[in-house]
Amino acid sequence: QVQLVESGGGLAQPGGSLRLSCVASGRTFDAYSMGWFRQAPGKQREFVGGISRSGANIYYSDSVKGRFTISRNNPKNTVYLQMNSLKPEDTAVYYCAADLRVLPRTDENEYDYWGQGTQVTVSS
């Protein structure tokens, strides 16, 4: 079992930045690849990006590539999502998820554990 808790969401202006954190407790954090997903009102949850167990492999969706950065600090049991150049269409609830595979997957159904989500609103 692993428990995930996201934080760092809030209100940002277009062009602004936010950094989300996801802290894990329970089993060894570096046994999990980690994914970030988001769900906007009335839309399906979508893959934002993911990072492998070691942090050596990182993937992004086309919609955030070049603006968002995922990193992890295994000794601190934490994965981060740095979001820059935010757009109104980035408004969503953001979730982190954990999976025991070496590499992160884009399909939400592949993930075993989820956080409760944190709201990100981008508006002027």
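The analysis underlying the following values was restricted to heavy atoms, covering all of them including side chains, and did not include hydrogens, waters or symmetry mates.
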- Task: Starting at OG of Ser123, measure out to CG of Leu86 and round the result to the nearest 0.5 Å.
- Result: 12.0 Å
- Message: Within this structure, what is the CE-CG distance for the pair Met34 and Leu4, rounded to the nearest 0.5 Å?
- Response: 5.0 Å
- Message: Set out, in order, the CA-CA distance, both residues' side-chain angles and the distance that settles side chain to side chain contact (heavy atoms under 4.5 Å, CB included) for Glu46 and Gln39, then state yes or no.
- Response: CA-CA 6 Å; Glu46 65 171 352; Gln39 187 168 23; over 6 Å; no
- How about Gln44: does its CD atom have over 12 heavy atoms from other parts shown lying under 6.0 Å from it? no
Please list, one pair per line, the donor and acceptor atoms closer than 3.5 Å that link side chains of residues 7-25 to other protein atoms, with sequence neighbours excluded.
from, atom 1, to, atom 2, distance (Å)
Ser17, OG, Asn84, OD1, 2.9
Ser25, OG, Gln3, OE1, 3.2

- Message: Measuring only between side-chain heavy atoms, which start at C-beta, is Asn73 closer than 4.5 Å to Ser71?
- Response: no
- Query: Heavy-atom distance under 4.5 Å between the side chains of Val64 and Arg38, does that happen here?
  - Reply: yes
- Query: Is there a donor-acceptor pair closer than 3.5 Å between any side-chain N or O of Thr28 and the backbone N or O of Asp30?
  - Reply: no
- So how far is it from Tyr60 OH to Leu81 CG, rounded to the nearest 0.5 Å? 8.0 Å
- Message: Rounded to the nearest 0.5 Å, what separates atom CD in Glu110 from atom CG in Leu103?
- Response: 12.0 Å
- Given side chain to side chain contact (heavy atoms under 4.5 Å, CB included), test Thr78 with Phe29 step by step and report yes or no. CA-CA 8 Å; Thr78 304; Phe29 181 63; 5.7 Å; no
- Which atom of Val48 lies closest to which atom of Tyr94, heavy atoms considered: CG2-CE2, 4.3 Å
- Message: Contact between Thr91 and Val120 at the side-chain level, heavy atoms closer than 4.5 Å - yes or no?
- Response: no
- Message: Once side chain to side chain donor-acceptor pair (under 3.5 Å) is applied, do any residues pair with Ser61, and if so which ones, sequence neighbours excluded?
- Response: Ser63
- Do the side chain of Gln82 and the main chain of Thr69 share a donor and acceptor less than 3.5 angstrom apart? no
- Message: Using the rule given for side chain to side chain contact (heavy atoms under 4.5 Å, CB included), can you reason through Tyr95 versus Glu108, listing the C-alpha separation, both sets of side-chain angles and the distance that settles it, and then say yes or no?
- Response: CA-CA 10 Å; Tyr95 300 88; Glu108 62 175 311; over 6 Å; no
- Do Asp99 and Tyr32 come within less than 4.5 Å of each other through their side chains, counting heavy atoms only? no
- Query: Do Tyr59 and Phe47 have ring centres separated by under 6.0 Å?
  - Reply: no
- Quick one: which residue pairs count as a salt bridge (Lys or Arg N to Asp or Glu O under 4.0 Å) with a foot in residues 66-78, not counting sequence neighbours? Arg67-Asp90
- Item | Asn57 vs Ile51, side chain to side chain contact (heavy atoms under 4.5 Å, CB included): CA-CA, chis, key distance, verdict | CA-CA 6 Å; Asn57 301 92; Ile51 186 167; over 6 Å; no
- With a 6.0 Å cut-off on ring centres, are Phe68 and Trp36 close enough? no
- Can you tell if the side chain of Lys87 reaches within under 4.5 Å of the side chain of Val122, non-hydrogen atoms only? no
- Message: Would the distance check show the side chain of Tyr111 and the main-chain N or O of Arg105 forming a donor-acceptor pair, the cut-off being under 3.5 Å?
- Response: yes
